[in-house]
Amino acid sequence: MDYQKSARQVYDLIGGSSNIVSAAHCATRLRLVVGDESKCDKKAIENVDGVKGVFIASGQLQIIFGTGTVNKVYDEFIKIAGITAASKEDVKQAANAKQNVFKRLIKTLGDVFVPIIPAIVASGLLMGLLEGLSQVFPDMAQSGTYTIIHLFSNAAFTFLPVLIAVSAAKVFGGNMFLGAVIGMIMIHPDLMNAWSVAGADSVPTASVWFGLYDINLVGYQGHVIPVVIAVWFMSALEKRLHKVVPEIIDLFVTPLVTVLVTGYLTLTVFGPVFSWIENGVLDAVQFLITLPFGIGAALAGAAYPFTVVAGVHHMYNALEAGLLSTNGLNTWMPIATAANVAQGGAALAIALKTRNKKLKSMALPSSLSAFLGITEPVIFGVNLRYTKAFAAAVIGGAAGGLVAGITGIGASAYGITGLFGYLITTNYVLQYTLLLAVSVGVSFAVSWVLFKDEKEETAKVHTSEEPAKTSDFLPEKNTAYAPLSGRAIPMGEVKDETFAAEVLGKGAAIVPDAGRVTSPCDGTVTTLFDTKHAVGVTSPDGMELLIHVGINTVNLNGQYYTAHVSEGDTVKTGDLLLTFDMEKIRQAGYDLTTPVIVTNTDDYQEVTALKNGPVQAMEPFIRVN
């Protein structure tokens, strides 16, 4: 693909440099923060060559190009925009500044919990594998190797408050090691282990705040929100102390006061209050999931994709961590899986049913991605564009959630959904398989019934030399219309070896009888030579057309040619692109035979010339299949 052309189109369609706040890219997406989202033509951006999806999430306009492509488009983009490259963190900060308080809170939770997912996944996978192997080989549970690996599998959950504290300190700008200390305080061995409270005869207490009230000396194993709140306070206090404490004693005073004040407040205020709130939230979720007949889980499966669209789904990381720590079982993960694979099922139906090659090329790989747990490409690239497919996925997610609620399935970790979820649901293989089959099957069937491929309309032929009245013209898909009137000839008859051999692509040529070039399709002007003797237009279907007026006319350096459009302009079939002085060009000794080339010929099985002989502008001229 032409990376510069794609970058130029994106630049124009987002409103130019005046609307760009910041720009960066990740492995697959161009991530832009714009000043005014209303100036961004998302529909047109979706038709830019190479774009696999467009959506706005977390305050960023995210344009999916894919691995290996996005970095090249980005390099061209920052050149065109005249801006300096930014890091993903810079873009996140710029986007965060534009978001409301609720979204900032959800984003912060995501920033805290996403980095520790690998640790949770490692422990969960070890736990799942051990459980599966011990079922096949019962004697294995008595071996020393099992005991050692079992210790590994519990480590992340046993010391989860420390992991959360370190990650939270990094997010909030505090010292990560001081954050670790706060996490350690909350699960210190001198405190009674929270998991031992239920079977204990008594719980130790301590009088605090000068005898005002007593607290239970119980650790915070299994809690996540109190840790985040405590480290947020710690980071704010530490940063404040760094500003007011003289540098000569800062190294001693700041850590001392930070740990002393934060630790005391954590065990006496933050811990008791927010653990009570957290327990209430977890109890409510458990109540929802365990409603009779799986009704609550079905509702959760239906609602899940809407939170992905809103960009607040990272809040579930905290929920899943809490469920794991409290019950040792993540009952939310199967519901998330149902919602995710249902998106894939809906898109797979479109991929198999549509005849639109670009849509098929987007729907198929993004559906497979959804089956592996990555849903943004399929939601924003396909299903939201075809709202009935999104509705089908919601229905499929509800059906899968119903299965999850009825069977009571759960996972031993979080951060994994879809097909890889088998690794952390080893005790529920049959139920998990049923959940996947129901979610995908229902969404596929509903999407197949509801999705209607776009019908091809028969075009009205315009026979005048004047531009067509595009408001009442309905061009056929995969069809290029004659950009000039004159005599159509096969490409092989063009008196130029490059064109005749179709090196640049297949097509046909016209010997013109009028000096007007009109657009052969609806689309975007993607190329306009400085010499104005050639112009390229790309249709919404992805057909790339080049109209080259004359042979070797590049040598005229634009003399006798007038352009009526610019690169990046949106045009309709029949809109005037160029005019040229036929007589003067011929007097200068040039052949005016004009090749009309499908430059992305390799994308099609067939490129068929429809005319040979007299042709009028706006008659069907080339068709691709």
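- Using cut-offs of 30° and 60° for the angle between ring planes, the His150 and Tyr146 rings count as parallel.
- Under the 4.5 Å side-chain criterion, counting only non-hydrogen atoms from C-beta, Ile406 is in contact with Leu402.
- The side-chain heavy atoms of Asn330 and Met333, taken from C-beta on, include a pair separated by under 4.5 Å.
- Considering all non-hydrogen atoms of both residues, Val21 and Val34 come closest at CG2-C, 3.7 Å.
- Residue Ile249 qualifies as enclosed at atom CD1: its count of foreign heavy atoms under 6.0 Å is above 12.
- Within a 6.0 Å sphere centred on CZ of Phe252, other residues, nucleotides and ligands contribute 12 heavy atoms or fewer.
- Using a 30° and 60° split on the angle between ring planes, Tyr304 and Trp332 fall in the tilted class, from 30° to 60°.
- You'll find the ring centres of Phe306 and Phe390 inside the 6.0 Å limit.
- The shortest side-chain heavy-atom distance between Pro226 and Glu278 falls under the 4.5 Å cut-off.
- Taking CG from Leu32 and OH from Tyr74, the interatomic distance works out to 9.0 Å, rounded to the nearest 0.5 Å.
- Taking the side chain as every heavy atom from C-beta outward, Tyr213 and Ser207 never approach each other to under 4.5 Å.
- Taking the six-membered ring for Trp, Trp209 and Tyr264 have ring centres closer than 6.0 Å.
- Judged by distance alone, with hydrogens and angles left aside, the side-chain atoms of Thr266 form a donor-acceptor pair with the main-chain N or O of Thr262 at under 3.5 Å.
- The environment of Phe420 atom CZ is sparse: at most 12 non-hydrogen atoms of other residues, nucleotides or ligands sit within 6.0 angstrom.
- The shortest distance between side-chain heavy atoms of Ile116 and Leu160 falls below 4.5 Å.
- With hydrogens and angles disregarded, a donor-acceptor distance shorter than 3.5 Å links the side chain of Asn19 to the backbone of Ile14.
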